[in-house]
Amino acid sequence: MSQTHTSAMSTPADDAPYRYTAEVAGQIEQRWQDRWEHEGTFNAPNPSGPLAEPGTDLPAKKFFVMDMFPYPSGKGLHVGHPLGYIATDVYGRYRRMQGDNVLHALAYDAFGLPAEQYAVQTGQHPRKTTEENIATMRRQLRRLGLAHDNRRTFATIDPGYVRWTQWIFLQIFESWYDEAADGGRGRARPIAELVAAFQSGERPVPGGRAWGDLDAVEQRRIVDEHRLAYVSESPVNWCPGLGTVLANEEVTADGRSERGNFPVFKRSLRQWMMRITAYADRLIDDLERIDWPDKVKTMQRNWIGRSTGANVRFATDAGDLEVFTTRPDTLFGATFMVVAPEHPLVDALTPSSWPSEAKPAWIGGHATPADAVAAYRAEASAKTEVERQTEGREKTGVFTGSFAVNPVNGARIPVFVADYVLMGYGTGAIMAVPGQDERDWEFATRFELPIIRTVQPPADFDGEAYTGEGPAVNSANDEISLDGLGVTEAKAAIIAWLESKGAGEGTITYRLRDWLFSRQRYWGEPFPVVYDENDQPFAIPDHLLPVDLPEVPDYSPRTYPPDAADTEPEPPLARVPEWVEVELDLGDGPKRYRRDTNTMPNWAGSCWYELRYLDPTNTERLVDPEVERYWMGPHGDGDAGGVDLYIGGVEHAVLHLLYARFWHKVLFDLGHVSSEEPFHKLFNQGYIQAYAYVDSRGQYVPADQVVEDGDGYTFEGEPVTREYGKMGKSLKNMVTPDDMYRDYGADTFRVYEMSMGPLDLSRPWETRAVVGSLRFLQRVWRNVVSEQTGEVVVGAAPADDETRRILHRTIDAVRTEMEAMRFNTAIARMIELNNHLTKLDTVPREAAEALVLMMAPVAPHVAEELWSRLGHPESLVREPFPVADPVYLVEETVTCVVQVAGKVRDRLEVPPSISEDDLRALALESEAVQRSLDGRPVRTVVVRAPKLVNVVPG
RNA sequence: GGCCCGGUAGGCAAAUUGGCAAAGCCGGCGCACUCAAAAUGCGUUGUUUGCGGGUUCGAGUCCCGCCCGGGCUACCA
C-alpha cells in the first residue's frame, strides 16, 4: 500500500533490456492507438448512406454493443468507471474476430445539473465546461485502447442531436394513443387521424356536440387532451431547494430529491406530461420478450405496479363512492370505508352533526363532523412524507359522519378519512376488510370496528388479518354465495355478480403515473413549442429546429430555502423576454407567440441515443430505415429487436430504461423504427469499490499511505479504521486510470479489471494485485521475444503432443468462457497455457500465435505488437479467433474416480469408451476398494462411465 | 416488514450445474540473480465450502430453519 508508484516503474534491468515494462507497454499502446485511428480500424460499415462502404460486402452477421453513456463530470475518472467500457470492448473485439460487423461507439450525456451548478458558481457557460470535460474524458478513454468507431461519437448537447430530440418530442406531441388499435393492445397514431375521426363522426366528440359546431379553440382543447405529450395542471413534485419540479422517479421514498436531497412538496402546477401510462401494459408484457436480468425486470414490473381487481360502488348520501380493490372476493367482510384526506367527496360526506351511532373513538372529541374532518385534514397536509415515516405506522383517522351501503348485503358501514389511504392510487378510497387486510385490521382494532372473516384461515393460524388462500365463508346473500370457493373463483364470481347489478366491474389499476417532463432549469433541451393568446401549445415547424438555448444573464433558476413550500418556480429562460416573445407564421399569418421557458429533463437525451449511433450524420431523417433494420431490427417471429448487448449499472433499472423503452415504442408505433424494444440484452456490471480509512477525529486519510500491521491499520503511526465503499476524492481513496497507464500500461489495467472476478459482481480494488497481470503479459512477451536481444524466439518446429493437447483444450475453454462473458476464467486458462509454454525449451510458433490471438480482445496492444513481430503486417483485429481441433480434445485415457460410500478411494486410468460393465468390474477389483470395503457386502454400484464409480456397501 | 443477490485458504476468486473441492491472481515463506535492494525467475505454503437439519449411492451445488454482508422496496387497497 505504501509504495504506490514504485512497483512496476523500474527501468529494465541491464540483463533484460527488451523486457515488457510499463514504459515499453506505454510506447506500444500509443503507437497502436495512433495506427488504429489513422486506418479507421474499427469503422463499422452501414448497409447504406454515408457510412456505407460501397463495393465491399457486409459481413454476414452484425453485432451492436453499447455502454450506458457517461455524464462528463468534472471530477475525473477513477478505475471503477472504465470497467463496463473494457468489458464491452473485450466482447466486441471477440465478436469481430468471429467475423461479425461490430458497431461500438461512445457518446456523451452532456446536459444536466452538475454542469449547470458549476456554471452558476463560476459564471462560465455550461457548454464550455461540459466540452472541456468531454475532451478530458476522451483523452483518458482513448488511452484504454477501446475499439470504437469514432465517426459515430456525439454529445447530447450537439445542435444536430438536439434537433432530433426536439423532433421526437414533437412526434409524441403530435400523436395520441388509440387504445382500440391492434386488437386492443393499443398504438400511438398521428393526431391528424384523431381529428379526422372526430370530423367523420367515427369517434364521438367528448361533450356530445358535433365537431363542426366547435370553434377552433374548443377543437384544439379536445385534441390537446389526447396528446401523448400534454400540458396539464396537476399536483407535481416541487423542490424549492433546487428551484425545479421533479418526476416521481426522481423523488426518494422519504420525499426528498434524489439529487441534492432537498425536501419535495406536492403542488399543483402547469407542466408538460408524457402519457407513459398508455404504454403500461406493453411495458410490462414486453419484458418477456427481452433478455434482461430478472432483477431489473422485477423492478420495472413493481414500478409499473399492475394490479387486477374490481371497482365497486357503495351508495352514500353524497352519491356513489367508488373504491378499487384487489380482493373483491372479500366484499362481504367490508365493515367500514376509508377515503383519502384529499378525496373530492370528503366535504359532501361530512354532515352537520354526528349521527347517533358515532362512537367516541371515532370523533376525536370534536363537536361536529366538519370540525373533526377539517382538523384531520389540516394535520395530514402539514405532515411531510418524512414525518409520516418517522412517526411510525400508527393508524390515524376520523369518522366523516356518513355511512355507505355495502352493495352485496345492504350493510350500513361508516366512512372514515385516514391518511393511510392515498389519493394517488386507485380511486383514493377503499373498502376496509379487516379480516383479510393487515392495515384495515389495525385500523379496526383502534377504532372499535367489527371484524368479519370471509376467508377461512387454516386451523393452526394464530395471526390477525389472514391474507392467504382459503375457502370463502360468511359470504352469501339471497342471490349469490361464495362460500366454499377459493380466492380466484370467488373473485370471478363476485365480479360477474357486481357487473350484472351495475355495482362494479373488474378492472386493472397501475401504480405508474404519467411522466412529468418539464424542468425549470437552463442546461437542457428547450421545448420546441410556442403558445398563442389562448395559452394553447403549437409545434415549432420542422425547419426551425433545433430551438437553441438563448444566452441568459444567470444560469440558475430561482431557488428558495428548502422548506419554502409555497413558492413558485422561476426558470432562467423566463428572464430573457426578447427570446420568449417571438413572431412566427404558423399558417395563420405572422403572429406573436410566447415560447415555453422550461427545459426537458436530463433523461430526454438518453431516451433515443442508441438510434443516433446507427446514423450519426443524418440531417434528413431520425435514422435511415434500412440502417435501423440492419442493426436493430427483429430477427424472426416474436423478436422485439434492439441493441444486441447493453452494459451498464443497475442504478438505471427504472428511470432511464423505462423512459427509453417508452420513447422507442412510440417511435415504433409511428413507423420510424422496426424494433419494438431499444435494448435486447441487458447486462448489469458490478462496481469496483475501495477501502477508505478514517482517523480518530473522523477525518479521511489518504488510503495509499495507510500501512497494514499485525492487527490493524495505521496512518503516520496513528491507528485508523477501515471502511468499505465508493471510490472518490472526498474519501481520499481514488485511483485513476492515468495512474494505471503510467505504472502498468493500459493492457495490464485491462487484464486486471477483467480478471478480478465475474463482471456482474462488485469487488474491492487492490492496486498491489495489479502486478500479477503485468507479470502475465511479461511472461507471454518473454515466450515470444528475447529479453536480451529483442529477437523473436519462437520455434518453427511443430508442438509436441502434450503441448498441442493443452493448446486446443485451452482454445476450446477460452471460447466457451468468452462467449459467456466470463473473462476472468478465460484469462485464467490463458495463464495456464502460458505457464506451460514457459517450461518448454522453445515455444512453438503455432502455440504462440494462437495465444496471441486469444489474448487480443483483452490485451489488444501487446497482442498486435507480438502479432506483427511474428511476421504479420496486418492488424489482427479481424483475424479469426482460434478454433480448437476436436482431435486434440478427446483424451486417450480418462482418470476414473472410484468412491466407496461417496469417499474417493482409488483412481483408474481407463479408455474413454469403456463400458459400464467393464468399469464396474475394474473398480470392484481395485485393491483400495477391497481394503475400504473391509469385507462388507456391496449393496449397489453406481457407474457413470467413464469418469466415476461409487461402490455402496450394504 | 417484504422481495432479490452473496457468504469457498490471509485477500480476490474457479468448480463442466448433483460426481476428484480449491484452477488462476495477490499475499506469506524459501531459494536464485545483486555489493545490497527493487524488479524478475524458480520453488513452496495453504483445507473441508457462514451455522444447524434434511433429500441422495454421492451436496459448495437441491430443500427447510437460522446468522452475517449488500441491493431494491416500503401503508399501492
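Order of the sequence lines sets the chain letters (A, B, ...), proteins ahead of strands, with each chain counted from 1.
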**Asked** Applying a 3.5 Å limit to both distances, which nucleotide forms a Watson-Crick or G-U wobble pair with B:U55?
**Response** none
**Message:** Base, sugar-phosphate or nothing for A:Ser755? Non-hydrogen atoms, less than 4.0 Å.
**Reply:** nothing
**Item:** Inter-nucleotide C1' distance (B:C20, B:U47), Å rounded
**Value:** 15 Å
**Request:** Report which part of the nucleic acid A:Gln778 touches: base, sugar-phosphate, or nothing (heavy-atom distance under 4.0 Å, all strands).
**Result:** sugar-phosphate
**Asked** Would you say B:A74 has OP1 or OP2 under 4.0 Å from some side-chain N or O of A:Arg511?
**Response** yes
Could you go over nucleotides 21-23 of chain B and give all protein N or O partners under 3.5 Å, atom names and distances?
| unit_1 | atom_1 | unit_2 | atom_2 | d |
| --- | --- | --- | --- | --- |
| B:A23 | O2' | A:Glu832 | OE1 | 2.9 |
| B:A23 | O2' | A:Glu832 | OE2 | 2.9 |

**Fill in**
Tightest non-hydrogen contact, residues A:Pro946 and A:Val910, listed as O-CG2, 3.8 Å
**Prompt:** For A:Glu817, which residues count as a side chain to side chain contact (heavy atoms under 4.5 Å, CB included) partner, sequence neighbours excluded?
**Reply:** A:Arg822, A:Thr825, A:Ala826
**Asked** So A:Asp760 and A:Gln685, side chain to side chain contact (heavy atoms under 4.5 Å, CB included) or not? Walk me through it.
**Response** CA-CA 4 Å; A:Asp760 53 351; A:Gln685 97 250 359; over 6 Å; no
**Prompt:** So, A:Glu802 and A:Arg805, do they make that salt bridge, N to O below 4.0 Å?
**Reply:** no
**Message:** Would you compute the distance between atom CG of A:Asp329 and atom NZ of A:Lys491 and round it to the nearest 0.5 angstrom?
**Reply:** 6.0 Å
**Prompt:** What is the distance from atom CG of A:Asp743 to atom CG of A:Leu774, rounded to the nearest 0.5 Å?
**Reply:** 10.5 Å
**Asked** Across all strands, who's sitting opposite B:G6 as a Watson-Crick or G-U wobble pair, both distances under 3.5 Å?
**Response** B:C68
**Asked** Can you tell me if the side-chain N/O atoms of A:Ser307 get under 4.0 Å from OP1 or OP2 in B:A77?
**Response** yes
**Who pairs with B:G1 - Watson-Crick or G-U, where each distance is under 3.5 Å** = B:U73
**Item:** Interatomic distance at P, B:G65 relative to B:C5, whole Å
**Value:** 15 Å
**Complete:** Closest of B:A13, B:C76, B:C20 to the A:Leu422 side chain is B:C76
**Item:** Test item: side-chain donor near acceptor, A:Ser307 and A:Tyr425, under 3.5 Å
**Value:** yes
**Asked** Which residues pass the side chain to side chain contact (heavy atoms under 4.5 Å, CB included) test with A:Arg453, sequence neighbours left out?
**Response** A:Gln436, A:Trp441, A:Pro457, A:Phe461, A:Tyr466
**Item:** Residues forming a side-chain hydrogen bond (donor to acceptor under 3.5 Å, both in side chains) with A:Thr277, sequence neighbours excluded
**Value:** A:Asp514
Using a cut-off of under 3.5 Å, enumerate the N/O to N/O pairs linking the protein to nucleotides 60-65 of chain B.
none

**Request:** Give the B/S/- string for nucleotides 25-30 of chain B, one per nucleotide from 5' to 3', where a protein heavy atom under 4.0 Å of the base yields B, of only the sugar-phosphate yields S, and otherwise -.
**Result:** SSS---
**Request:** For A:Thr427 and A:Asn311, work out which heavy atoms get closest and say how close.
**Result:** CG2-OD1, 4.2 Å
**Prompt:** Considering Watson-Crick and G-U wobble pairs with both distances under 3.5 Å, what does B:U49 pair with?
**Reply:** none
**Mate of B:C20 where both pairing distances stay under 3.5 Å, Watson-Crick or G-U** = none
**Prompt:** Say you pick atom C1' in B:A38 and the same atom in B:U45; how far apart are they, in whole Å?
**Reply:** 24 Å
**Asked** Could you state the interatomic distance from CG (A:Leu512) to CH2 (A:Trp303), rounded to the nearest 0.5 Å?
**Response** 8.5 Å
**Prompt:** Do any pairs count as a side chain to side chain donor-acceptor pair (under 3.5 Å) and have a residue in residues 771-781 of chain A, sequence neighbours left out, and if so which ones?
**Reply:** none
**Asked** Is A:Asp437 touching bases, backbone alone, or none of the nucleic acid, heavy atoms closer than 4.0 Å?
**Response** nothing
**Chi angles and distances behind the side chain to side chain contact (heavy atoms under 4.5 Å, CB included) call for A:Arg439, A:Lys395** = CA-CA 8 Å; A:Arg439 297 152 299 179; A:Lys395 294 278 179 294; 3.7 Å; yes
**Message:** Under a 3.5 Å cut-off for both contacts, is B:C31 paired Watson-Crick or G-U wobble with anything, and if yes, with which nucleotide?
**Reply:** B:G41
Tabulate atom names and distances for all N/O pairs under 3.5 angstrom spanning the protein and nucleotides 53-55 of chain B.
none

**Item:** Integer angstrom distance from the P of B:G11 to that of B:G27
**Value:** 15 Å
**Prompt:** Within the pair A:Arg782 and B:G41, is there a side-chain N or O less than 4.0 Å away from OP1 or OP2?
**Reply:** yes
**Asked** Paired with B:U61 by Watson-Crick or G-U wobble geometry, both distances under 3.5 Å: which nucleotide is it?
**Response** none
**Request:** State which residues pass ring-ring contact (aromatic ring centres under 6.0 Å, His included) with A:His652; sequence neighbours excluded, sorted by chain then number.
**Result:** A:His656
**Message:** Over all strands shown, is A:Thr838 touching base, sugar-phosphate only, or nothing at heavy-atom distances under 4.0 angstrom?
**Reply:** sugar-phosphate
**Request:** Sticking with atom C1', work out how far B:C63 lies from B:G1, rounded to a whole angstrom.
**Result:** 25 Å
**Asked** Distance between the C1' atoms of B:G18 and B:G58, in whole angstroms?
**Response** 8 Å
**Item:** Where A:Val312 and A:Pro407 come nearest, the two heavy atoms and their spacing
**Value:** CG1-CG, 3.8 Å
**Request:** Name all residues meeting the ring-ring contact (aromatic ring centres under 6.0 Å, His included) criterion together with A:Phe443; count only those two or more places apart in sequence or in a different chain, and write none if there are none.
**Result:** A:Phe336, A:Phe416, A:Tyr420, A:Phe447
**Fill in**
Of A:Thr895 and A:Ser762, the one whose closest nucleotide on RNA chain B sits nearer the 5' end is A:Ser762
**Message:** Checking one value: the base orientation of B:U17, syn if chi is within 90 degrees of 0, otherwise anti.
**Reply:** syn
**Request:** Take the protein atom CG of A:Asp419 and the nucleotide atom C1' of B:A77, then report the distance between them rounded to whole Å.
**Result:** 14 Å
**Message:** Between A:Tyr888 and A:Asp812, do the side chains contain a donor N or O and an acceptor N or O under 3.5 Å apart?
**Reply:** no
**Message:** Please give the distance between the P atoms of B:G46 and B:A23 as a whole number of Å.
**Reply:** 12 Å
**Closest non-hydrogen atom pair, A:Glu322 against A:Arg313** = OE2-NH1, 2.7 Å
Report all interatomic pairs (protein N or O, nucleotide N or O of nucleotides 67-72 of chain B) with separations under 3.5 Å.
| unit_1 | atom_1 | unit_2 | atom_2 | d |
| --- | --- | --- | --- | --- |
| B:G71 | O2' | A:Lys295 | NZ | 3.2 |

**Asked** Side chains of A:Thr467 and A:Asp437: do they bring a donor and an acceptor to under 3.5 Å?
**Response** no
Could you list the protein-to-nucleotides 45-50 of chain B atom pairs, N/O on both sides, closer than 3.5 Å?
none

**Item:** Sugar-phosphate, base or nothing in reach of A:Thr325, heavy atoms under 4.0 Å
**Value:** sugar-phosphate
**Message:** If you assign each of A:Arg939 and A:Leu761 to its closest nucleotide in RNA chain B, which residue comes earlier from the 5' end?
**Reply:** A:Leu761
**Pairwise C1' distance for B:U49 and B:A22, with rounding to whole Å** = 9 Å
**Sidechain-backbone polar pair: A:Asn733 side chain, A:Met727 backbone, donor-acceptor under 3.5 Å** = no
**Message:** Taking atom types as they are modelled, would you say the side chain of A:Arg907 forms a donor-acceptor pair with the base of B:C20 within the 3.5 Å cutoff?
**Reply:** yes
**Asked** What closest approach, in Å, do A:Asp906 and A:Ser926 show between heavy atoms, and which atom pair accounts for it?
**Response** OD2-OG, 2.7 Å
